[in-house]
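First comes the structure, then the notes that go with it.
In this chain, numbering begins with 1 at the start of the sequence shown. Owing to the predicted nature of the structure, the values given are computational and were not obtained by experimental measurement.
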Amino acid sequence: MVSVLDMYGRPIKKPAARDMNEELMAPSLGSVRSPYGGHPADGITPRRMAAILREAEFGDATAYLEMAEQIEEKDLHYLGVLGTRKRAIRKMEIKVTPGDDTDAGHMTAELTRDALDRSEVKDDFIDLLDAIGKGYSICEQMWDTAGKHWTIAQFKHRDPRWFRFDQVDGQTPLRRDNAGDLPLEYGRFVYHCAKAKTGLPIRGGLARIASWAYLFKNYSIKDWAIFMEAYGHPLRVGRYGPNATAEDKATLLRAVRMMGTDLAAVLPKSMEVDLVASNSSGSNDHYEKSARYWDEQISKGVLGQVSTTDAISGGHAVGKIHNEVREDIRDADAEQLASTLQRYVAGPIAMFNFGPDAAVPKIEIVAPDQFDPAMMIKAANTFGPKGLAIPVNQVRETFGWREPEEGEETLDFSVQAKPQTPNDPGDKITASRGGITPHKDALAASSQTLSEDTRLAQIVSPMFEELLEAI
């Protein structure tokens with residue numbers, strides 16, 4: 001029997017059925033798994049930002065993870081592009097292929113397919129892809145052990161603050177407990193690590209990269225708000241006499257301030273207020289340009305392009321190239337997620353149901369085939385009359401047409417034969433100095449005198465010409 005080892009090098013043993021139904025990482029007040037945390041991004045400064053990132057690198061990532069959560073809440077652009085990247089996988093198809101051709105292999109693939117083919121699991125994928133921002137994400141698996149085969153009943157996302165990495169290698173995940181840090185039990189957790197860059201998992205998330213852009217953009221937005229509050233208001237100058245008391249001065253100060261906000265004030269006769277017209281010629285363009293600049297940098301970091309999120313010049317060609325870059329990133333995210341599901345979902349299903357010798361099914365997350373309907377119609381009109389057999393089912397699948405029911409009214413398209421012209425492929429051709437032209441004396445007997453190779457060339461050549469013209 002093969003001895004299977006987990007990520008910690010320990011032999012894997014099938015646990016008791018009753019242990020698979022209990023939550024190991026349920027939230028609890030007054031413990032290390034508290035659902036509530038701090039808000040370190042409030043009033044963040046460059047010095048504090050650097051300290052938070054350094055703390056995360058050396059083992060205490062609590063403040064960093066809380067800051068990453070706040071950045072998503074406070075920066076709408078970062079939230080939008082990160083959500084776009086995470087939800088791009090929802091449109092992709094999950095394919096599960098048996099690891100071998102045995103009955104156990106096919107049954108394992110079917111159980112894995114059933115576990116991943118539920119609508120609520122798509123939402124769990126979004127939770128796992130939270131690793132794109134924070135570097136890693138962990139879900140706890142709840143099992144159904146009542147039937148003949150053990151199946152996964154539910155995935156529950158767990159707060160990344162409830163885990164930390166081994167101090168020795170900085171990569172092995174450990175779950176925090178009041179009694180200390182513990183290894184992740186095999187088959188109970190799905191640990192997904194999405195590396196935006198090479199290095200430690202805690203340094204591989206996009207939140208670490210976007211945090212500096214958020215900080216500088218936040219300064220620009222604050223300055224912009226202050227500018228808009230004061231811009232255009234007249235300068236209020238208050239004058240008090242030599243015998244004014246401290247209380248009189250405070251009253252005058254409140255008055256001139258109220259005239260800037262409430263446009264009304266009350267003050268003694270002995271005091272004066274002058275309104276100096278504002279001749280400021282300042283502009284808010286530099287604040288907006290700064291904010292847009294950092295938005296573009298965030299788009300580049302998260303999506304690898306800016307054409308679908310920011311208004312830029314370049315037209316359709318630039319947008320098409322940028323979209324291809326975005327598809328590359330989407331496919332890479334899908335490959336990483338498929339590898340995680342194969343290791344932490346398909347592997348335990350095979351192990352717990354059929355033993356360590358069972359073959360683990362292969363999981364792929366692929367984009368659905370996309371067709372250009374207009375190009376397909378042109379191709380059908382080009383190759384169909386030439387004798388190409390086109391499956392009807394494929395046409396229905398491409399255009400989303402269902403099979404008509406018996407007695408159902410359908411559209412009737414009558415097919416008319418194309419009239420014969422001198423340039424039809426059946427014409428005999430001869431070469432001349434002016435090019436290839438039909439031989440007028442041999443039109444009637446062309447189909448009998450031409451060889452098969454010549455007739456095939458006459459048919460295929462116009463087909464390619466028409467196809468190139470259509471493209």
Side-chain angles (χ1 to χ4, degrees), residues 5-42 48 51-73 124 127-128 130-131 133-145 150 152-194 200-205 207-208 340 343-345 347-348 351-352:
L5 306 178
D6 62 10
M7 70 172 71
Y8 308 98
R10 304 173 306 178
I12 299 174
K13 297 180 180 180
K14 184 175 181 178
R18 64 179 181 273
D19 296 336
M20 305 301 286
N21 302 321
E22 300 177 359
E23 294 188 41
L24 297 178
M25 297 291 289
S28 175
L29 291 175
S31 70
V32 295
R33 296 191 299 274
S34 173
Y36 307 106
H39 296 78
D42 293 346
R48 177 56 181 154
I52 290 176
L53 297 179
R54 196 174 297 111
E55 290 172 3
E57 182 180 351
F58 287 97
D60 186 6
T62 301
Y64 163 71
L65 296 170
E66 292 172 344
M67 181 183 69
E69 190 75 18
Q70 272 195 282
I71 292 177
E72 291 187 46
E73 296 174 351
D124 298 324
D127 293 333
L128 284 175
D130 188 53
K134 298 182 177 67
Y136 69 97
S137 180
I138 299 178
C139 285
E140 184 175 353
Q141 298 181 92
M142 308 305 299
W143 288 77
D144 182 3
T145 60
W150 288 14
I152 298 176
Q154 188 180 7
F155 296 92
K156 291 188 176 183
H157 180 254
R158 297 310 187 191
D159 195 316
R161 296 176 303 148
W162 303 347
F163 303 86
R164 63 175 51 172
F165 292 96
D166 183 75
Q167 290 289 330
V168 176
D169 58 17
Q171 298 187 12
T172 305
L174 302 171
R175 64 182 182 92
R176 301 178 62 187
D177 191 82
N178 291 336
D181 298 338
L182 302 174
L184 304 184
E185 286 78 355
Y186 180 80
R188 298 305 310 273
F189 296 94
V190 180
Y191 164 64
H192 182 54
C193 179
L200 297 176
I202 198 62
R203 300 185 65 176
R208 187 181 182 97
T340 296
R343 182 182 301 110
Y344 295 103
V345 176
M351 170 68 185
F352 295 159

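Under the salt bridge (charged side-chain N to carboxylate O under 4.0 Å, His left out) criterion, D159 pairs with R161, not counting sequence neighbours. Qualifying side-chain hydrogen bond (donor to acceptor under 3.5 Å, both in side chains) partners for R10, counting only residues two or more places apart in sequence or in other chains: D6. Partners of D169 according to the side-chain hydrogen bond (donor to acceptor under 3.5 Å, both in side chains) rule, which considers only residues two or more places apart in sequence or in another chain, are T172. Legend: residues meeting side-chain hydrogen bond (donor to acceptor under 3.5 Å, both in side chains) with T145, ordered by chain and number and at least two apart, are absent. The ring pair (Phe, Tyr, Trp, His ring centres under 6.0 Å) check on Y136 picks up F165, with sequence neighbours excluded. For F155, there are no ring pair (Phe, Tyr, Trp, His ring centres under 6.0 Å) partners at least two apart in sequence or on another chain. The salt bridge (charged side-chain N to carboxylate O under 4.0 Å, His left out) check on R343 picks up nothing, with sequence neighbours excluded. Considering only residues two or more places apart in sequence or on other chains, R203 meets the salt bridge (charged side-chain N to carboxylate O under 4.0 Å, His left out) condition with E57. In this structure, the side-chain hydrogen bond (donor to acceptor under 3.5 Å, both in side chains) partners of E185, at least two apart in sequence or on a different chain, are R175. For D181, the salt bridge (charged side-chain N to carboxylate O under 4.0 Å, His left out) test picks out R164, with sequence neighbours left out.
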Just distance, no hydrogens or angles: give the donor-acceptor pairs under 3.5 Å from side chains in residues 13-29, sequence neighbours left out.
residue : atom : partner : partner atom : Å
K14     : NZ   : F352    : O            : 2.8
E23     : OE1  : R158    : NH2          : 2.7
E23     : OE2  : K156    : NZ           : 2.6

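Summarising the geometry, atom CG belonging to L200 is positioned 9.0 Å from atom CZ belonging to R208; distances are rounded to the nearest 0.5 Å. For the atom pair CG (L184) and CG (L174), the distance works out to 7.0 Å, reported to the nearest 0.5 Å. Between atom CG of residue L128 and atom OH of residue Y344 there is a gap of 11.5 Å, rounded to the nearest 0.5 Å. Atoms CD1 and NZ, from I202 and K134 in turn, are 10.5 Å apart once rounded to the nearest 0.5 Å. Distance CD1/I52 to CG/D60: 10.5 Å, rounded to 0.5 Å.
Within the 4.5 Å cutoff, the side chain of F189 has no heavy atoms near those of the P173 side chain. Taking 4.5 Å as the limit, every side-chain heavy atom of D166 sits out of range of all side-chain heavy atoms of Y8.
Counting all heavy atoms, side chain and backbone alike, Q70 lies closest to P40 at OE1-N, 3.0 Å. Among all heavy-atom pairs drawn from G59 and Q167, the shortest one is CA-NE2, 3.6 Å. Across all their heavy atoms, S137 and D130 have their closest contact at OG-CB, 4.1 Å. When all heavy atoms of V32 and N178 are compared, the closest pair comes out as N-OD1, 3.3 Å.
Residues in residues 27-40 take part in these salt bridge (Lys or Arg N to Asp or Glu O under 4.0 Å) pairs, two or more places apart or across chains: R33-D177.
Side chain of Q141 to main chain of G187: a donor-acceptor pair is present (N/O by atom type, distance under 3.5 Å, no hydrogens or angles). Under the 3.5 Å distance criterion, the side-chain polar atoms of E66 are left unmatched by any main-chain donor or acceptor of G37.
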